[in-house]
Student: 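Before we start, here is the structure in question, set down as structure tokens.
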Amino acid sequence: MDKNKVFFFDTTLRDGEQVPGCQLNTVEKIQLAKALESLGVDAIEAGFPISSPGDFNSVIEISKAVTWPTICALSRAVEKDIDTAADALQYAKHKRIHTGIGTSDSHIRYKFKSNREDILERAVRAVKYAKRRVEDVEFYAEDAGRTDNEYLARVVEAVIKAGATVVNIPDTTGYCLPEEYGAKIRYLMEHVDGIDKAIISTHCHNDLGMATANTMAGVLNGARQVEVTINGVGERAGNTALEEIAMILKAHKGLDVHSDINTQKIYGISRMVSSLMNMPVQPNKAIVGKNAFAHSSGIHQDGVLKNAETYEIIDPVDVGVDTNSIVLTARSGHAALKFRLETLGVKLSEEALNNVYQEFLKLADKKKEIHDDDILMLAGADRAESHHIKVDWLQASSGIGMKPVASIGVDISGEKFTAAATGNGPVDAAINAIRQIIKRPVTINEFTIQGVTKGSDDMCKVHMQVGSGEQVCYGFGANTDIVTASIEAYVDCLNKIKN
Ligand code: KIV
Ligand code: ZN
């Protein structure tokens with residue numbers, strides 16, 4: 001094995017996606033997973049399969065869609081979790097179960113009401129159990145950042161002996177100082193028998209703004225896997241940003257460690273994550289912020305014009321910053337759309353590209369300028385052709401001094417229905433009209449509407465979660481018309497409910 005290679009484990013789709021309001025649907029997750037594959041990550045943590053049927057299904061679909069990176073599924077140190085993770089990974093070409101348990105005294109005492117010996121036994125048992133299902137097992141010692149080093153070393157030694165191929169040392173609460181975290185990794189490298197049989201991994205949270213520094217301290221002391229997310233997204237203050245570690249390794253050649261990250265894809269995938277998760281990137285964010293390479297002071301501009309090296313430690317081209325960024329319009333051809341999508345990390349089959357191009361033309365008819373976020377959304381949208389319930393037409397009116405009303409024509413497996421209803425707004429009226437046709441009780445549990453870019457002619461994205469009996473289904477719609485987007489999302493949900 002190349003001892004100087006740092007493996008990149010991307011957890012945007014698991015730890016990153018835990019951010020409230022940033023949940024992705026399966027189609028969006030597949031789009032992102034494929035982009036991560038072309039970015040060159042070594043492993044993709046695709047989800048936590050026991051947590052929901054949606055997560056289980058996403059791991060299945062990502063496993064089918066992606067070839068080279070290892071697909072990883074999270075579990076607690078519980079047999080049922082491990083079995084579910086293994087089942088979700090059945091189609092992955094390279095698969096890994098990520099199982100673990102809290103090892104800090106506060107986790108042991110308050111979360112598990114247990115003791116160190118019992119936790120150590122449970123850790124070993126979980127790894128051995130996971131090994132029966134897959135060869136590649138990663139163990140995480142949750143809250144390792146606050147775990148006593150001597151006990152942590154015993155746990156790490158025991159799980160490696162049980163067959164763990166990777167051992168993850170998370171600073172779950174983002175508490176550690178870089179020196180402290182680096183010393184922890186060094187302690188393990190020096191005190192664990194058999195440490196060379198596994199890869200030690202960093203997993204740092206950014207609560208005190210030290211995730212990148214801690215991750216680098218881990219690498220400098222022997223860790224050879226880094227767990228990261230695009231744009232540093234993640235719960236609370238987020239996780240270590242992939243782009244920061246990748247560019248530190250590239251800029252500091254003297255460290256003598258390297259990665260397989262194709263850094264020129266970084267900017268595109270950063271935009272993609274921001275757009276799919278509706279999470280703007282702060283302008284001064286390192287590497288991918290809009291001001292990251294913008295020199296405004298006169299002294300800097302003068303220096304950069306004379307020689308970029310005077311003030312730039314990274315060539316923006318190395319990150320894929322596209323200085324010739326173009327805005328597409330109705331006159332842009334198929335090739336321009338393909339080029340733009342590929343710059344953003346999206347590679348589509350000819351057939352899929354043709355479909356997206358048709359949608360692009362429809363959108364360009366309604367909106368003068370099509371931005372990156374618009375086309376990323378078109379590329380990720382689920383096509384509704386295979387749905388058995390389709391909307392033929394919809395009319396809604398509302399305004400000041402009038403009662404909102406909507407009428408709708410729906411095709412259910414070839415049979416035509418129409419209905420009209422009122423509501424407290426045009427969306428409510430349109431949904432009430434469909435309810436008259438589809439008589440089963442369906443409750444809307446979640447309903448979010450977000451603009452994609454800007455302007456009153458903007459596209460809007462609607463995410464919806466509905467419940468019907470025991471079933472919970474997610475739906476998505478996107479349109480320049482807010483009522484149409486909402487109905488698309490509702491009908492998308494209806495199509496997913498099983499009889
Ligand atoms: O932060 C953490 O401890 C985690 C583990 C579940 C790996 O995300
Ligand atoms: Zn985490």
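Note that the numbering runs from 1 along the sequence shown for the chain. Just follow the structure's listing: the first ligand is 1, and inside any ligand the first atom is 1.
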Student: Any salt bridge between Asp256 and Lys3, counting N to O under 4.0 Å?
Tutor: no
Student: Ignoring hydrogens and geometry beyond distance, is a side-chain donor-acceptor pair present between Thr165 and Asp136 at under 3.5 Å?
Tutor: yes
Student: Would you mind checking if Glu117 and Arg154 are paired as a salt bridge, meaning a charged N to carboxylate O distance below 4.0 Å?
Tutor: yes
Student: Please tell me whether Asn239 and Thr229 have a donor and an acceptor in their side chains that are separated by less than 3.5 angstrom.
Tutor: no
Student: Give me the nearest non-hydrogen protein atom to atom 3 (O) of ligand 1 as residue plus atom name, then the distance to 0.1 Å.
Tutor: Thr172 OG1, 2.7 Å
Student: Report, rounded to 10°, the angle at the Zn ion (ligand 2) between the two atoms NE2 (His203) and OD2 (Asp15).
Tutor: 90°
Student: Does one side chain, of Asp83 or Tyr129, offer a donor that lies under 3.5 Å from an acceptor on the other?
Tutor: yes
Student: Strictly by modelled atom types, are Ser201 and Glu227 linked by a side-chain donor-acceptor pair under 3.5 Å?
Tutor: yes
Student: For ligand 1, which atoms, with element, lie under 4.0 Å from some heavy atom of Glu142?
Tutor: 3 (O)
Student: Please check whether Asp15 reaches ligand 1 - meaning an N/O of the residue sits under 3.5 Å from an N/O of the ligand, judged on distance alone.
Tutor: yes
Student: N/O to N/O below 3.5 Å, does that happen between Arg14 and ligand 1?
Tutor: yes
Student: When only distance counts, is Asp143 in polar contact with ligand 1, meaning an N/O pair under 3.5 Å?
Tutor: no
Student: Relative to the heavy atoms of Pro170, which atoms of ligand 1 are at a distance of less than 4.0 Å?
Tutor: 2 (C), 3 (O)
Student: Is there any N or O on His203 that sits under 3.5 Å from an N or O of ligand 1?
Tutor: yes
Student: How are the rings of Tyr187 and His191 set relative to one another: parallel (under 30°), tilted (30 to 60°) or perpendicular (over 60°)?
Tutor: parallel
Student: Among the N, O or S atoms that His205 has, which is closest to the Zn ion (ligand 2)?
Tutor: NE2
Student: One residue to check: Asn168. Relative to ligand 1, which of side chain, backbone, both or neither has a non-hydrogen atom less than 4.0 Å away?
Tutor: side chain
Student: Among protein heavy atoms, which lies nearest atom 1 (O) of ligand 1, and at what distance?
Tutor: His205 NE2, 3.0 Å
Student: Ignoring hydrogens and angles, state whether a donor on the side chain of Asn262 or Gln264 is under 3.5 Å from an acceptor on the partner side chain.
Tutor: no
